[in-house]
There are 2 protein chains.
Amino acid sequence: MEETDRAIVAALTVDGRLSYTDLAERVGLSVSAVHQRVRRLEQRGVIKGYAAQVSFEALDLPLTAFVAIRPFDPSQPDDAPERLAHLPEIDSCYSVAGEDFYLLLVRVAGPADLERLLQEIRTAANVTTRTTVVLSTPYEKRSPRI
Amino acid sequence: MEETDRAIVAALTVDGRLSYTDLAERVGLSVSAVHQRVRRLEQRGVIKGYAAQVSFEALDLPLTAFVAIRPFDPSQPDDAPERLAHLPEIDSCYSVAGEDFYLLLVRVAGPADLERLLQEIRTAANVTTRTTVVLSTPYEKRSPRI
DNA sequence: GCTGAAAAGAAAGGCAA
DNA sequence: TTGCCTTTCTTTTCAGC
């Protein structure tokens, strides 16, 4: 990717609501040129979308945890991600190398909700779980070097 | 949090660039009322900001990994997050319960970069690392139930 | 809290150079 | 790619309920 596009993407990962006028100033192009570039970045899928960043504490989801799962019966078809997709507490699902099959990032209101969620995960996907509770988050979702 | 605010936040986590006009329609309020509520949600820190969602593949960072770290010498002061904050490959840093001290989420271009990053992490924070490579990401950063 | 209106600003598109 | 122009939409503020 080219220099100017990188600058545009970098600016938008920090502030996704920057106006094209401000963007144009920062990257030293005209508004129409910047507008055109952003549209192309969106079409190419470099920019997948825009989202508000929320405080999970404010949303009453102060407990974050990682849940490593592996199938109870490894000979069964492995469709855990689909079987778990309906659970809104699951923020992310990663298929991983190593001893576990998947690593889930979950957000809940507290220990009781975590317990209930783990039971739902186990029965919905027929897996065993190993859970790591997050105590604090020094930083999260930082803008990548672009 | 109240019903209407939840609807507003939910809509903005899906599309952070929704206009106040569209938002107002969805939640059944006037544009100014919605505007006022969004401003308050931002001030209260419920909405922390807005960010473009980028494709890490398109940014030439196709390799994601989790790096669990623990201090080489547990009697030393534990300031790993600050010591590692300058590394742009680190997307997130979680302080965790369990055998490890921190769990890092990192994004790199490939195995060679991962190797170099791990060496930097070890020397910068005086820690040992245990790395889990992500093979695929069925889903990530889903909107929470609000 | 809310509404509605007015003014300012931005988006989106076309077009000539 | 720039610069300009036009139309439409959005943001922002403000008086008043």
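Chain naming here is simple, since letters A, B, ... match the order of the sequence lines and numbering starts at 1 in each.
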> Quick one: which of D/dT11, C/dA5, D/dT2 gets closest to the side chain of B/Thr21?
D/dT11

> Closest approach of B/Val134 and B/Leu63, non-hydrogen atoms and distance?
O-CD1, 4.5 Å

> With nearest nucleotide decided by heavy atoms, which residue, A/Ser30 or B/Asp22, maps closer to the 5′ end of DNA chain D?
A/Ser30

> Among D/dT1, D/dT11, C/dA12, which nucleotide sits nearest the side chain of B/Val31?
D/dT11

> Tell me which residues in residues 8-19 of chain A put a heavy atom below 4.0 Å from DNA chain C, sorted by number, or none.
A/Ser19

> Output the single nucleotide from D/dT1, C/dA11, D/dT13 whose closest atom is nearest the side chain of A/Gln36.
D/dT1

> Just the rounded figure in Å: distance from P of C/dA12 to CD of A/Gln43.
12 Å

> Check the side chains of B/Tyr139 and A/Asp91 for a donor-acceptor pair under 3.5 angstrom, ignoring hydrogens and angles.
no

> Can you check whether any acceptor in the base of C/dG4 is under 3.5 Å from a donor in the side chain of B/Ser32, or vice versa?
yes

> Taking the side chain of A/Leu29 as its heavy atoms from C-beta onward, which of C/dC2, D/dT13, D/dT1 lies nearest to it?
D/dT1

> So, B/Thr129 versus B/Arg122: side-chain donor-acceptor pair below 3.5 Å or not?
yes

> Under a 3.5 Å threshold, yes or no: a donor from one side chain and an acceptor from the other, between A/Arg70 and A/Thr128?
no

> Closer than 3.5 angstrom, by distance alone: can the side chain of B/Arg17 be matched with the main-chain N or O of A/Tyr50 as a donor-acceptor pair?
no

> So what does B/Ala33 hit on the nucleic acid, given a heavy-atom distance under 4.0 Å: a base, only sugar-phosphate, or nothing?
base

> Let me know the distance between CG of A/Asp5 and P of D/dT1, rounded to the nearest Å.
9 Å

> Only one of B/Val38, B/Ile8, B/Val9 passes side-chain contact (heavy atoms from CB on, under 4.5 Å) with B/Val46; say which it is.
B/Val9

> Which word best sums up how the rings of A/Tyr94 and B/Phe66 line up, parallel for under 30°, tilted for 30 to 60°, or perpendicular for over 60°?
perpendicular

> Is the distance from OP1 or OP2 of D/dT11 to the nearest side-chain N or O of B/His35 less than 4.0 Å?
no

> From the list D/dT13, C/dA12, D/dT1, which nucleotide is the closest neighbour of the side chain of A/Tyr20?
C/dA12

